[in-house]
Amino acid sequence: MARKIIIDTDPGQDDAVAILLALASPEIEVLGITAVAGNVPLVLTEKNARIVCELAGRPDLAVHAGCDRPMRRALVTAEHVHGKTGLDGPELWEPIMPRQTQHAVDFIIDTLRREPPGTVTLCPIGPLTNIGTALARAPDIAPRIKEIVLMGGAYFEVGNVTPAAEFNIYVDPEAAEIVFRSGTPLTVMPLDVTHKALVTRPRLAAVAALGTRTGRFTAAMLDFFERFDIAKYGSEGGPLHDPTTIAYLLKPELFSGRHVNVEIETRSDLTRGMTVADWWGVTDRAPNATFMGDLDADGYFALLTERLARLP
Ligand SMILES: [Ca+2]
């Protein structure tokens, strides 16, 4: 039986690849896609999610627009990384599939109450505003969630948007705190993992060589995404963050980490959004998350390329 998931997202080129990976994989059933403000404002992330569904030949999917700003702060975006549209690189179009009228937070709550307990996994790959709002408004859904597998945070790599914080957690630390204290099984893909998942030239060439529309679209996105990251990190390629969550659902053996306590810094202006992971077990705080630390990068990109080849 396919694993039921909701993808909560702020596309974002790497979000788009995560969505494509899920839609290409028969082991996964995407119940819906919920958009949140993050990399770019909500009006764009919602539209980009529909563009990606149409690219994958899935205009039947439900895309819901969610929160347009963090729970208690002004929105911070990242056009300097993702471009003005959020999906800069390939040629984009005006999607014709409809946006659902139901708010994403209501969709998340209704879906978790409707489906049997312990069967729905949430995959947040943007700021945690939609998920945090849903948990705050309907605490009864927490024990019904099978698992939350999210991209966010960092320990050894520390930060990418500030010296101390990763973007998704930084944008809405209050929402992240709700998620990390929700008591639901939590698997975290931090920068410690994604900074080892580099889109090298040969890996990019393998995607471009698929010869499909999806392959060309993805290669154009990654090529754009790369330029910023290579300029910033000076590495052999940019990190491909968000698809690690979906890859984990498909092949958990690609990843390794530790079950530890993770707390979110919400008070300090200097370190706001820091994920304080007790990697070395120096406190007696109870573990609340499986915090990943490493991945088999070649296995990850092989999985990704093989799956993308199945799309039109
Ligand atoms: Ca994202």
Side-chain angles (χ1 to χ4, degrees), residues 5-23 30 32-53 55 63-70 75-89 104 108 121-132 148-154 157 159-161 165-173 175-176 179 187-195 197 199 218 221-222 224-226 228-229 232 238-249 273 275 292 300 304:
I5 71 168
I6 295 171
I7 302 176
D8 188 70
T9 177
D10 63 336
Q13 291 90 346
D14 58 327
D15 299 76
V17 180
I19 294 168
L20 292 171
L21 177 59
L23 296 182
V30 180
I33 295 176
T34 51
V36 68
N39 289 325
V40 287
L42 180 70
V43 64
L44 290 173
T45 60
E46 176 277 311
K47 184 165 96 172
N48 291 345
R50 287 187 289 134
I51 289 173
V52 175
C53 290
L55 175 70
V63 174
H64 297 260
C67 300
D68 64 358
R69 75 196 73 163
L75 178 64
V76 177
T77 53
E79 282 89 354
H80 62 293
V81 183
H82 300 273
K84 213 171 152 70
T85 65
L87 283 188
D88 273 25
I108 292 166
T121 296
L122 304 181
C123 295
I125 51 178
L128 288 158
T129 315
N130 286 343
I131 311 295
I148 296 176
V149 181
L150 68 90
M151 190 276 138
E157 293 287 314
N160 62 356
V161 64
E166 177 279 332
F167 179 81
N168 287 344
I169 308 294
Y170 174 80
V171 171
D172 198 341
V179 169
T187 298
V188 181
M189 295 294 172
L191 298 180
D192 308 330
V193 168
T194 65
H195 280 181
V199 184
T218 304
M221 283 194 301
L222 295 181
F224 177 88
F225 200 35
E226 288 264 310
F228 166 80
D229 279 321
K232 179 176 175 185
L240 190 57
H241 306 281
D242 292 347
T244 54
T245 55
I246 306 298
Y248 170 75
L249 298 180
T275 46
M292 293 301 180
Y300 171 58
L304 188 64

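Nothing here was measured: the structure is a model prediction, and the numbers come from that model. For ligands, and for the atoms within them, numbers begin at 1 and follow the listed sequence.
The shortest side-chain heavy-atom distance between D172 and L128 does not fall under the 4.5 Å cut-off. Annotation: side chain of V17 is in contact with side chain of T218 (closest heavy-atom distance under 4.5 Å).
Residue contacts to the Ca ion (ligand 1): D242 brings an N, O or S atom closer than 3.0 Å. Because the distance cut-off is set at 3.0 Å, I125 qualifies as a neighbour of the Ca ion (ligand 1) through one of its N, O or S atoms.
Using modelled atom types, one finds no donor on one side chain facing an acceptor on the other under 3.5 Å when comparing T45 with N48.
Of the possible polar contacts, one joining the Q13 side chain to the H82 backbone as a donor-acceptor pair under 3.5 Å is found.
Within D10, OD1 is the N, O or S atom that lies nearest to the Ca ion (ligand 1).
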